Structures are given as C-alpha cells and as structure tokens.
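Remarks on the structure that follows.
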Amino acid sequence: MKKITLSLSLAIFYLAVIGQTNQPLPLNELGLITYSEVVQVEEAGKELLLTNAFNYLLSLVDNHKNLKKGPFINEDSTEIHLPLAYTVYRDFPVHSPHGVIKYEFTVSVKDGRYRYVATNFVFHYLERNRYGKFVEVKGKSKPLEEPFYKGSQKLWDRHKQQAGEKIRTFAESLHAEMFMLPEGPKEEIVKVNEDW
C-alpha cells in the first residue's frame with residue numbers, strides 16, 4: 001500500500017512540475033521544438049539576403065572555437081544551413097557546465113523576405129575528463145522535448161526556457177544583419193573651380 005501511495009504522489013508531483021513551466025514550447029508537426037519566423041525585407045533581392053545571411057553565419061563560425069563546420073548553401077542557393085551549439089550550466093553545488101545543446105539552424109531566402117528555422121535541439125551530457133576539462137560523454141544525449149529529467153527537473157525546465165531566449169537573441173542579431181546594404185565603391189566628389 002505504501003508503494004502505491006508513493007507512486008501516486010510522485011506522479012502528482014511530476015504533473016505539478018510540468019504544469020509550472022512558464023510557457024509551452026513551440027512544436028512542429030513532428031513534435032520537435034521548433035522556432036521559426038518569416039521576416040519581410042522590402043526591396044531586397046534574394047542574392048543580397050543570401051549574402052548577408054552567409055556572412056553572418058560565417059562570422060559565428062569564425063568567432064566560435066567549437067564550431068568545426070561552416071555554413072553550407074543548398075544547390076539552388078535559397079537556403080543556408082548551420083549546426084550550432086551552446087553550453088548550459090548548473091548552479092548547484094557550484095556553477096559548472098552541465099551539457100551542450102546542439103541544434104540545426106536554417107535560413108531560407110526569397111525576394112523581399114527570409115525565414116529562419118531552429119529545430120532538432122539535443123542535450124549532450126558533459127563530464128570532467130582526467131585532465132579536469134569538461135567533455136561530451138559519448139553516446140549520452142537526450143532530446144530537449146523529453147518531459148522528464150532524472151536529476152533536477154527544475155534545471156531541465158530551465159534549459160528548455162534558455163533555448164527560447166537564445167534563439168530570440170540570435171534572431172535579433174540576424175535581423176539586424178539582414179537589413180545591411182551592400183557596400184559599393186564610394187563616389188568621389190571632385191570640385192572644379194577657377195582658382196587652381
């Protein structure tokens with residue numbers, strides 16, 4: 001009887017924890033967490049948008065030591081794809097890396113608009129190696145869509161919320177970059193007067 005009562009109270013606890021999440025995460029038709037937005041960029045051709053998106057994603061690769069692959073463009077030059085990652089931390093008992101969340105980021109362009117899609121979020125566990133560095137545990141990962149975490153459920157829910165914050169910040173930076181006009185040769189103004 002005690003086991004049934006304990007199991008029932010644990011089930012109620014987990015349901016209460018799930019109900020306390022701030023907002024539901026956006027899911028696509030396959031049940032994967034997906035962030036997406038279509039942004040209008042008036043009078044911008046798809047070539048300019050593709051160039052701006054490529055340059056921005058390339059700058060991310062250049063500035064991030066853990067990204068090994070650069071962005072790649074599909075055959076018809078309408079889409080750029082880049083696998084990205086960021087580290088999440090635990091604060092108890094000390095502030096230390098808990099894992100790496102890897103996801104797929106895609107920018108699609110058309111004349112006058114672009115769309116970004118961030119999806120396929122997977123949490124990869126980190127542990128210290130014998131040299132004290134945090135490294136990924138091979139074969140130990142978990143999709144971010146999983147509702148339960150064996151350790152701290154509050155920490156797991158925070159990782160999910162951080163994904164949304166990270167993508168919103170990233171989308172704002174991309175938005176600013178996409179509105180950049182190409183730098184052409186500057187016009188030289190020559191003044192001609194009679195006093196030479």
Side-chain angles (χ1 to χ4, degrees), residues 18 21-39 50 52-74 78-92 94-109 114-178:
I18 290 173
T21 56
N22 296 346
Q23 54 188 333
L25 297 171
L27 301 176
N28 67 8
E29 62 277 356
L30 300 174
L32 297 175
I33 296 171
T34 303
Y35 294 91
S36 180
E37 182 182 8
V38 176
V39 180
L50 186 74
N52 286 350
F54 183 79
N55 289 338
Y56 177 67
L57 294 177
L58 189 61
S59 72
L60 289 177
V61 173
D62 292 342
N63 294 334
H64 198 282
K65 63 181 179 182
N66 292 334
L67 293 177
K68 307 280 191 264
K69 299 178 184 176
F72 59 91
I73 301 173
N74 68 350
T78 58
E79 198 171 88
I80 302 174
H81 178 76
L82 179 65
L84 292 171
Y86 63 94
T87 305
V88 289
Y89 296 87
R90 73 175 101 205
D91 291 325
F92 183 78
V94 294
H95 183 76
S96 62
H98 183 228
V100 174
I101 295 181
K102 296 182 179 181
Y103 63 99
E104 307 293 327
F105 192 82
T106 305
V107 179
S108 305
V109 296
Y114 74 92
R115 177 184 69 187
Y116 71 83
V117 177
T119 191
N120 199 20
F121 291 84
V122 179
F123 174 80
H124 297 267
Y125 292 86
L126 292 180
E127 69 180 9
R128 284 189 192 267
N129 65 8
R130 62 183 175 174
Y131 304 109
K133 287 182 66 177
F134 284 95
V135 294
E136 279 185 45
V137 180
K138 293 204 186 293
K140 195 170 180 190
S141 62
K142 182 176 190 147
L144 210 56
E145 293 83 17
E146 290 285 326
F148 300 112
Y149 180 72
K150 198 172 185 179
S152 170
Q153 186 66 36
K154 188 175 181 180
L155 180 63
W156 184 246
D157 292 338
R158 190 172 73 200
H159 291 341
K160 290 181 180 187
Q161 295 304 320
Q162 283 176 340
E165 295 164 11
K166 193 80 166 170
I167 297 303
R168 277 188 285 282
T169 303
F170 188 62
E172 289 172 8
S173 301
L174 176 66
H175 184 70
E177 191 71 27
M178 293 301 270

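This chain uses plain numbering: 1 for the first residue, then up along the sequence. Computation of the quantities below employed the complete heavy-atom set of this structure, encompassing side-chain atoms and omitting hydrogens, waters and symmetry-equivalent molecules. Predicted model only: the values in this text are computed from it and were never measured.
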Exercise. Pick one: which of N74, V117, V109, L50 meets side chain to side chain contact (heavy atoms under 4.5 Å, CB included) with E79?
Worked result: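 That would be N74.
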Exercise. Per the side chain to side chain contact (heavy atoms under 4.5 Å, CB included) rule, which among E146, K140, H98 passes with F123?
Worked result: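 Of E146, K140, H98, side chain to side chain contact (heavy atoms under 4.5 Å, CB included) with F123 is met by H98 alone.
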Distance check, rounded to the nearest 0.5 Å: [X] atom [atom1] versus [Y] atom [atom2]?
X	Y	atom1	atom2	value
E104	L82	CD	CG	8.5 Å
L30	N120	CG	CG	10.0 Å
I73	F54	CD1	CZ	5.0 Å
I101	K166	CD1	NZ	10.0 Å

Considering all heavy atoms of both residues, which atom of [X] and which atom of [Y] are nearest to each other, and what is their separation?
X	Y	answer
P26	Y35	CG-CE2, 3.6 Å
S141	H124	CB-ND1, 3.5 Å
A85	K102	CB-CG, 3.8 Å
R128	G132	NH1-O, 2.9 Å
I80	A53	CD1-CB, 3.8 Å

Can you tell if the side chain of [X] reaches within under 4.5 Å of the side chain of [Y], non-hydrogen atoms only?
X	Y	value
H159	Q162	yes
S96	F134	yes
R158	D91	yes
L126	E136	yes

For this session: Assess whether side chain to side chain contact (heavy atoms under 4.5 Å, CB included) is satisfied between Y114 and L174, documenting all intermediate values.
Result: CA-CA 10 Å; Y114 74 92; L174 176 66; 3.9 Å; yes
For this session: Apply the ring-ring contact (aromatic ring centres under 6.0 Å, His included) test between F121 and each candidate in Y86, Y103, F105; give the one that qualifies.
Result: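 Among Y86, Y103, F105, the one that satisfies the ring-ring contact (aromatic ring centres under 6.0 Å, His included) with F121 is Y103.
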Exam field: side chain [X] to backbone [Y], donor-acceptor pair closer than 3.5 Å:
X	Y	value
E145	L32	no
S36	A118	no
T34	L27	no
Q161	L25	no

Problem set entry | Stepwise side chain to side chain contact (heavy atoms under 4.5 Å, CB included) check, F92 with L155 | CA-CA 10 Å; F92 183 78; L155 180 63; over 6 Å; no
For this session: Output all residues satisfying salt bridge (charged side-chain N to carboxylate O under 4.0 Å, His left out) with R90, sequence neighbours left out; order by chain, then residue number.
Result: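 Listed in chain order: nothing, the list is empty.
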Problem set entry | Stepwise ring-ring contact (aromatic ring centres under 6.0 Å, His included) check, Y56 with F170 | CA-CA 11 Å; Y56 177 67; F170 188 62; 5.7 Å; yes
For this session: Applying ring-ring contact (aromatic ring centres under 6.0 Å, His included), name anything that partners Y89, two or more places apart in sequence or on another chain.
Result: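 Partners of Y89 under the ring-ring contact (aromatic ring centres under 6.0 Å, His included) test: H95.
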For this session: Verify side chain to side chain contact (heavy atoms under 4.5 Å, CB included) between K150 and W156, making sure each step is shown before the conclusion.
Result: CA-CA 9 Å; K150 198 172 185 179; W156 184 246; over 6 Å; no
Exercise. Got more than 12 heavy atoms from elsewhere within 6.0 Å of NZ, K142?
Worked result: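 Result for NZ/K142: enclosed.
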